[in-house]
Amino acid sequence: MLDFLAQTLAGKVPTPSAGENAHLHWQWWDEGILTLAPHQATQKTLVLSAGIHGNETAPVEILAQLVDSLVAGEIALQWRLLVILGNPAALRSNQRYQHSDMNRMFSGGWQQFPESIETQRACRLEHALDLFLAECEETICWHLDMHTAIRSSYHPRFGVLPSRPLPYDEEFLSWLGCAGLQALVFHQEPGGTFTHFSSEHFNALSCTLELGKAQPFGENDLSQFEVTKQALQALLSGEAAEPIEGKPLRYKVAQQITRHSDAFVLHMSAQTQNFTAFPKGTLLAEDGNTEYVVKEDVEFVLFPNPKVALGLRAGLMLREI
C-alpha cells in the first residue's frame, strides 16, 4: 500500500505509482505530489499542501494520515484533490529551508533568487498547480496550505488570506472557523506565498493555515490538531464540519516591516508573541534613517523576525476589523 510520507522522505517512487479503490483513483505525479479523484464526476477541486517549511511537521503528519485513509478507502472522496508536501529536502533535514525561504518565491518570485533546491521546487509546484487547475471549470476551487509558526501566539490557530479583488465567500470563511482557526488575517497587497499564487492565477479560495508551534517529527502532540483534522476529513467526504462556538476575529494588514539593510533593528524581544498589541506611536523598528511606528490607535504584530534576508518582510502590523 502507498505510504505517501515515508516514500516522499525516502525519495522513492512507489510501486505501483497509481491505484484505485471503491471510491477513488490516485496517481503519484512527482516527489511529494499526489493526485486523487473520485470515480464520480465532481465540480469541486481542492489543493492541500504542507511542508513548504521543513521544520513545520505537524501539518505534514496530519496530511499524511488523511492520505493514508483516502488510499485505504476509509474516506469517500468528493473532490478532485491535489496533495503536496512542499519541500521534501528540508523535511528530511528538519530545517525551515535548505537555502532560501520558499514561501517568498511563488508567482514567479523564484526567478529573483539565486538558483537553489528551493527555486527549482517552487517552479515545479507552480507547474503542478498549472497542470491541475489551469483548465479547471469547477464551481468550487480551494487551496489550504498548512503551516505552524516559529513563535507562540495569542491565537494559536489562525489563517492568513491573500489579497484578492473579489470578496471571500462566507462559506469558505465559516469553514475556516469550524477548522478551529481563532483569527483570520486579510492581506492587502500581493505576496510571494503559495496561497497568493493559487489565488491570483486560478482564482482559488486560498488560505495559509497556521496551526500551532513548529516542532520536529515525533515531537508533535497531534491531539492539539484534532479539530482541524476532523474538519478536513469532513470536507473531503462532503460532510458539514462541526460548528465551533464563536467566530474567528478578523484583522487587516496595516503596514509591513521590511529589513532593507544590515542596520535593521527590530525593537521586540525574541519572546514577543504573534498578535501582541502595541499602542499608537510605539517605535517598532529602525533601518538606517527609516523608522517603523504604530500609526493606528493599536496595532498587532504578526511574524516578527529580524533575521530575514535583506529585502524580505520582518513583520506585519495588523488592525482589527
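If you read the sequence from its start, that first residue is 1, and numbering goes on from there. Given the structure is predicted, the values throughout are model-derived calculations rather than measurements.
Residues passing the ring-ring contact (aromatic ring centres under 6.0 Å, His included) test with His147 are His53, sequence neighbours excluded. Residues satisfying the salt bridge (Lys or Arg N to Asp or Glu O under 4.0 Å) criterion with Arg164, sequence neighbours excluded, are absent altogether. Taking Thr208 as the reference, Thr195 meet the side chain to side chain donor-acceptor pair (under 3.5 Å) condition, with sequence neighbours excluded. Listed by chain and residue number, nothing satisfies the side chain to side chain donor-acceptor pair (under 3.5 Å) test with Glu239 (two or more places apart in sequence, or in another chain). Every residue meeting the ring-ring contact (aromatic ring centres under 6.0 Å, His included) condition with His201, not counting sequence neighbours, appears here in chain and number order: Phe197. For Glu61, the side chain to side chain donor-acceptor pair (under 3.5 Å) criterion is met by Asn220, not counting sequence neighbours. Residues meeting the ring-ring contact (aromatic ring centres under 6.0 Å, His included) test with Tyr168, sequence neighbours left out: Phe186. With sequence neighbours excluded, the residues that form a salt bridge (Lys or Arg N to Asp or Glu O under 4.0 Å) with Glu56 are Arg96. For Arg124, the salt bridge (Lys or Arg N to Asp or Glu O under 4.0 Å) partners are Asp30, not counting sequence neighbours.
No donor-acceptor pair under 3.5 Å is formed between the side chain of Asn87 and the backbone N or O of Gly51. Under the 3.5 Å distance criterion, the side-chain polar atoms of Arg259 are left unmatched by any main-chain donor or acceptor of Ala314.
Residue Met102 is tested with Thr193, Ile52, Thr119 for a side-chain contact (heavy atoms from CB on, under 4.5 Å); the sole match is Ile52. Paired with Phe275 under the rule ring pair (Phe, Tyr, Trp, His ring centres under 6.0 Å), one option of Tyr154, Phe303, Phe158 passes, and it is Phe158.
With hydrogens and angles left out, the side-chain atoms of Gln98 and Ser116 include no donor and acceptor closer than 3.5 Å. A donor atom on one side chain and an acceptor atom on the other are found under 3.5 Å apart for Ser206 and Ser198. There is no side-chain donor-acceptor pair under 3.5 Å between Ser199 and His143. Using modelled atom types, one finds no donor on one side chain facing an acceptor on the other under 3.5 Å when comparing Glu210 with Ser153.
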Please tabulate, one pair per line, all N/O donor-acceptor pairs under 3.5 Å involving side-chain atoms of residues 226-235, not counting sequence neighbours.
{"from": "Glu226", "atom 1": "OE2", "to": "Gln230", "atom 2": "NE2", "distance (Å)": "2.5"}
{"from": "Thr228", "atom 1": "OG1", "to": "Ala179", "atom 2": "O", "distance (Å)": "2.8"}
{"from": "Lys229", "atom 1": "NZ", "to": "Gln65", "atom 2": "OE1", "distance (Å)": "2.6"}

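Clustering ILVMFWY residues whenever any of their side-chain heavy atoms sit less than 4.5 angstrom apart, transitively, puts Leu302 in a cluster other than the one holding Leu176.
Heavy-atom neighbours of Gln40 CD from other residues, nucleotides or ligands within 6.0 Å: above the threshold of 12. Within 6.0 Å of atom NE2 in His39, more than 12 heavy atoms from other residues, nucleotides or ligands are found, so the atom counts as buried in its surroundings.
Each ring pair (Phe, Tyr, Trp, His ring centres under 6.0 Å) pair with one or both residues in residues 94-123, not counting sequence neighbours, appears once here: Phe106-Phe194. Within the structure, the ring pair (Phe, Tyr, Trp, His ring centres under 6.0 Å) test picks out no pair touching residues 207-239 (sequence neighbours left out).
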